[in-house]
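Notes follow once the structure below has been shown.
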Amino acid sequence: PVVVIESSSVSTQLGDAHILGDYDEAGADTAQILADAIGGKGQIAVIDVKESGLAGCMQVFDQYPEIEVVAHLSLGNSDYETIKNAAQQWLADYPGLAGVWTSNGLVSQGVLDVLAPYGIPVAEARDGGMTVYMSDGALLCTTVDMGTDYGIAAMQTMDQLLQGKSLADP
């Protein structure tokens, strides 16, 4: 049996099962961390790549009337220079920028490279690892990891397949 974990480059017709993560849940989790870090108020920017985690993130921010999304950049793929330029522009346009929510590591890196010296928190939803970047005790970046969940789901799925069970069986 072949179990494919989190791959958009592998056809769903290949492999016996595909394990995919819930990016909206990760988006909501990191948005909540950011909302808490900025005290539930302030101007924020949002960068998403292919809308990954965006729905969950916006559901959380919509619960905070004093959080204002002043900038939203939606990209088809991660482009470091575009992201870095956007973050520099946000510093000029929104001097009171309280935080940034992003959807993956390269995006976060571009934003952090610009905003870290200013202590502006960045929240990242991705499938990689729970990481918290701190500067002088202040939250700079947090990410939510679904990697362990993927591994557990893949092992359970492989076990079912090896036992000859249908994936619909409990």
Side-chain angles (χ1 to χ4, degrees), residues 5-9 19-153:
I5 302 174
E6 265 308 315
S7 177
S8 58
S9 62
I19 307 297
L20 301 173
D22 185 343
Y23 286 100
D24 287 338
E25 182 179 343
D29 289 346
T30 51
Q32 187 61 61
I33 291 168
L34 180 59
D36 292 344
I38 64 173
K41 61 184 176 185
Q43 295 180 326
I44 63 167
V46 170
I47 303 179
D48 72 87
V49 177
K50 300 178 183 174
E51 297 188 1
S52 180
L54 181 63
C57 136
M58 295 310 293
Q59 285 174 352
V60 170
F61 293 144
D62 287 346
Q63 296 173 21
Y64 291 88
E66 292 187 62
I67 290 180
E68 178 186 7
V69 177
V70 292
H72 179 187
L73 177 60
S74 190
L75 301 170
N77 57 36
S78 299
D79 178 68
Y80 178 81
E81 287 302 318
T82 298
I83 294 156
K84 192 172 172 186
N85 291 339
Q88 289 169 335
Q89 188 62 51
W90 295 337
L91 277 176
D93 292 347
Y94 310 104
L97 189 67
V100 178
W101 181 92
T102 73
S103 66
N104 74 29
L106 185 60
V107 174
S108 294
Q109 190 59 56
V111 172
L112 280 168
D113 286 350
V114 174
L115 302 183
Y118 301 92
I120 298 171
V122 177
E124 169 192 342
R126 66 180 175 120
D127 64 349
M130 181 60 160
T131 309
V132 177
Y133 299 94
M134 304 289 280
S135 174
D136 298 328
L139 171 77
L140 280 185
C141 180
T142 180
T143 65
V144 173
D145 182 3
M146 295 179 286
T148 304
D149 295 339
Y150 293 155
I152 291 169

message = Any side-chain to backbone donor/acceptor pair from Tyr94 onto Val70? Under 3.5 Å, distance only.
response = yes
I'd like to check Gln88 versus Asn85 (side-chain heavy atoms, cut-off strictly below 4.5 Å). Are they in contact? yes
Find out whether Ile83 and Leu75 are in side-chain contact, i.e. whether some heavy atom of one side chain is under 4.5 Å from a heavy atom of the other. yes
Shortest non-hydrogen pair, Met58 vs Val46, comes out as SD-CG2, 4.4 Å
Taking every heavy atom of Ala98 against every heavy atom of Ile38, the minimum-distance pair comes out as O-CG2, 3.3 Å
Legend entry - From CA spacing to verdict: side chain to side chain contact (heavy atoms under 4.5 Å, CB included), Ile120, Leu91: CA-CA 10 Å; Ile120 298 171; Leu91 277 176; 3.8 Å; yes
When rounded to the nearest 0.5 Å, the distance separating CG of Asp48 from SG of Cys57 is 8.0 Å
The side-chain contact (heavy atoms from CB on, under 4.5 Å) partner of Trp101 among Val111, Val69, Thr30, Val60 is Thr30
* To do: Could you go through the side chain to side chain contact (heavy atoms under 4.5 Å, CB included) check for Asp113 and Tyr80 one step at a time?
  => CA-CA 10 Å; Asp113 286 350; Tyr80 178 81; 2.3 Å; yes
Sorted by chain and number, sequence neighbours left out, side-chain hydrogen bond (donor to acceptor under 3.5 Å, both in side chains) with Asp93 holds for Gln89
Sorted by chain and residue number, the side-chain hydrogen bond (donor to acceptor under 3.5 Å, both in side chains) partners of Gln43 (sequence neighbours excluded) come out as none
side-chain contact (heavy atoms from CB on, under 4.5 Å) filter on Ala86, not counting sequence neighbours, yields Leu73, Trp90
